[in-house]
Amino acid sequence: MKVNGTPTRSIWRVEAQPVVEIIDQTALPHAYRILRLASLEDAAHAIRSMQVRGAPLIGATAAYGVALALERHADDGALASAIATLGATRPTAVNLHWALARMRQHLAPLQVAARCPAAWQEAAAINDEDVAQNRAIGEHGLELLKPLTEKHGRLDIMTHCNAGWLATVDHGTALSPVYAAFAAGIDVRVWVSETRPRNQGLLTAWELKQHGVPHTVIADNAAGLLLARGEVDAVIVGADRIAANGDVANKVGTYLKALAAREARVPFFVAAPRSTLDFDCASGGHIPIEEREGDELRVLHGRNGEGQPASVRQLPENEAVANPAFDVTPARFVSAIITERGSCAPDQLHMLYPEMKQ
Ligand code: MRU
């Protein structure tokens with residue numbers, strides 16, 4: 001998608017160099033900064049610190065992280081250790097483990113000398129496939145959205161967190177149908193939920209603005225009112241892991257939107273590629289939920305009046321806080337899951353992916 005009018009991905013390899021570049025998402029929306037990843041440690045740090053974030057992008061970065069690691073050593077021990085380091089960065093997005101398993105499967109049988117170039121190739125393939133899959137999600141999602149425009153000639157979408165192109169390599173998952181609708185000339189507007197405490201909604205607002213898509217930022221707590229008032233035609237969110245029964249783990253707050261959408265009879269769609277499906281996980285109760293540090297709640301970050309980075313403490317250091325980063329929406333609240341192979345009811349995913357074992 002576009003940054004200042006220029007088509008841009010969220011991650012790319014610097015041509016012919018053992019270096020990867022990313023957009024530092026901890027600096028957005030205030031500053032647009034490119035960071036260089038030149039080692040396994042850089043890649044692991046980027047994922048852990050959320051310089052890159054969003055399930056598909058975490059997987060894509062981990063794949064490049066393996067290639068960066070193998071630049072130094074490519075024996076069995078180094079490969080296993082790189083995969084272990086990257087696999088421990090964040091617990092909920094299964095795309096991380098999917099990408100690492102794919103890298104291991106591809107690289108382990110090769111001669112040590114062949115592994116590093118093969119790792120760069122496979123990581124590039126994972127990245128390119130992510131782009132193609134998300135584009136297809138957009139097309140399938142658009143088919144679900146088109147009939148919803150009949151009500152009042154336009155489309156009001158609500159989303160949560162950032163499941164746009166910044167959260168993937170390009171196009172996004174939840175926002176891909178929105179971009180497809182916008183490209184098709186539909187009058188689409190987006191309610192952007194702030195997504196406390198990390199405020200990923202501000203990333204959503206930033207990327208929608210870059211692309212010219214009309215949107216309005218709301219406090220997370222405003223979602224119920226807007227849904228009840230009939231001001232939303234559909235909710236579309238992404239996912240960090242979808243269990244075999246169709247339960248969906250996504251950014252904390254997603255579940256509340258699903259509940260409110262059900263009560264308001266508004267369709268609740270989840271958009272995700274194959275790399276987000278975890279059929280080894282029987283149901284949502286088995287999905288590990290990341291607990292993040294309490295200071296994300298205690299301290300607010302932004303810019304001061306001079307435009308300089310500034311922090312404000314809103315709770316004392318010793319205030320007890322809980323900070324689960326994800327929640328689980330039961331399959332029964334999900335109207336459809338939109339994948340690169342098409343859309344289906346959450347309990348029908350195995351029909352779209354018959355090759356995946358359950
Ligand atoms: O903690 P984050 O910012 O990595 O969480 C991101 C989300 O929850 C997204 O909604 C999800 O990864 C889908 S991204 C296409």
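Counting starts at 1 for both ligands and their atoms, in listed order. Given the structure is predicted, the values throughout are model-derived calculations rather than measurements.
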(request) For P288 and P91, work out which heavy atoms get closest and say how close. (result)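 Taking P288 first and P91 second, the nearest heavy atoms are CG-O, 3.5 Å.
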Quick check: does [X] get an N/O under 3.5 Å from an N/O on ligand 1?
X	value
A55	yes
Q200	yes
F326	no

Among the heavy atoms of [X], does any lie under 4.0 Å from an atom of ligand 1?
X	result
P56	yes
N95	no
R198	no
A239	yes

(message) Can you tell me which portion of M50 lies within the under-4.0 Å heavy-atom range of ligand 1? Options are side chain, backbone, both, or neither.
(response)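 Only the side chain of M50 comes within reach of ligand 1.
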(message) Residue-level breakdown please: for R90 versus ligand 1, do any non-hydrogen atoms fall below 4.0 Å on the side chain, on the backbone, on both, or on neither?
(response)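 It is the side chain that gets close, since no backbone atom is under 4.0 Å.
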Nearest protein heavy atom to [atom], by residue and atom, and its distance?
atom	result
atom 15 (C) of ligand 1	T173 OG1, 2.9 Å
atom 8 (O) of ligand 1	D240 OD1, 2.8 Å
atom 5 (O) of ligand 1	K251 CE, 3.3 Å
atom 14 (S) of ligand 1	A167 CB, 3.5 Å
atom 10 (O) of ligand 1	N250 OD1, 2.7 Å

As an exercise, identify every atom of ligand 1 less than 4.0 angstrom from a heavy atom of [X].
X	value
G54	4 (O), 6 (C), 12 (O)
A163	14 (S), 15 (C)
T168	15 (C)

(request) Can you sort out the partners of Y179 under ring-ring contact (aromatic ring centres under 6.0 Å, His included), two or more places apart, ordered by chain and number? (result)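 If we apply the ring-ring contact (aromatic ring centres under 6.0 Å, His included) test to Y179, skipping adjacent residues, the hits are H211.
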(request) Find out whether V66 and I83 are in side-chain contact, i.e. whether some heavy atom of one side chain is under 4.5 Å from a heavy atom of the other. (result)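 In short, these two side chains touch, coming nearer than 4.5 Å.
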(request) Please indicate whether H30 has more than 12 foreign heavy atoms, meaning atoms of other residues, nucleotides or ligands, lying under 6.0 Å from its NE2. (result)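 Atom NE2 in H30 is crowded, with more than 12 foreign heavy atoms closer than 6.0 Å.
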Does the pair [X]/[Y] count as a salt bridge with the N-to-O cut at 4.0 Å?
X	Y	result
E317	R298	no
R229	E231	yes
R198	E290	no

(message) Any donor-acceptor pair under 3.5 Å linking the side-chain atoms of S311 with those of H301?
(response)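 A donor-acceptor contact under 3.5 Å links the two side chains.
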(message) Taking salt bridge (Lys or Arg N to Asp or Glu O under 4.0 Å) as the cut-off, I'd like each qualifying pair that reaches into residues 327-350, sequence neighbours left out, listed once.
(response)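 Non-adjacent pairs meeting salt bridge (Lys or Arg N to Asp or Glu O under 4.0 Å): R341-E355.
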(request) Flag this pair as yes if the NZ/CZ of K251 is under 6.0 angstrom from the six-membered ring centre of F326 and inside a 45 degree cone about the axis; otherwise no. (result)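 The answer is yes; both the distance and angle limits are met.
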(request) Assess whether side-chain hydrogen bond (donor to acceptor under 3.5 Å, both in side chains) is satisfied between T204 and N162, documenting all intermediate values. (result) CA-CA 5 Å; T204 296; N162 171 261; 3.1 Å; yes
(request) From atom 3 (O) of ligand 1, work out which of R292, R241, R53, H171 has a heavy atom at the shortest distance. (result)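 Among R292, R241, R53, H171, the closest heavy atom to atom 3 (O) of ligand 1 comes from R53.
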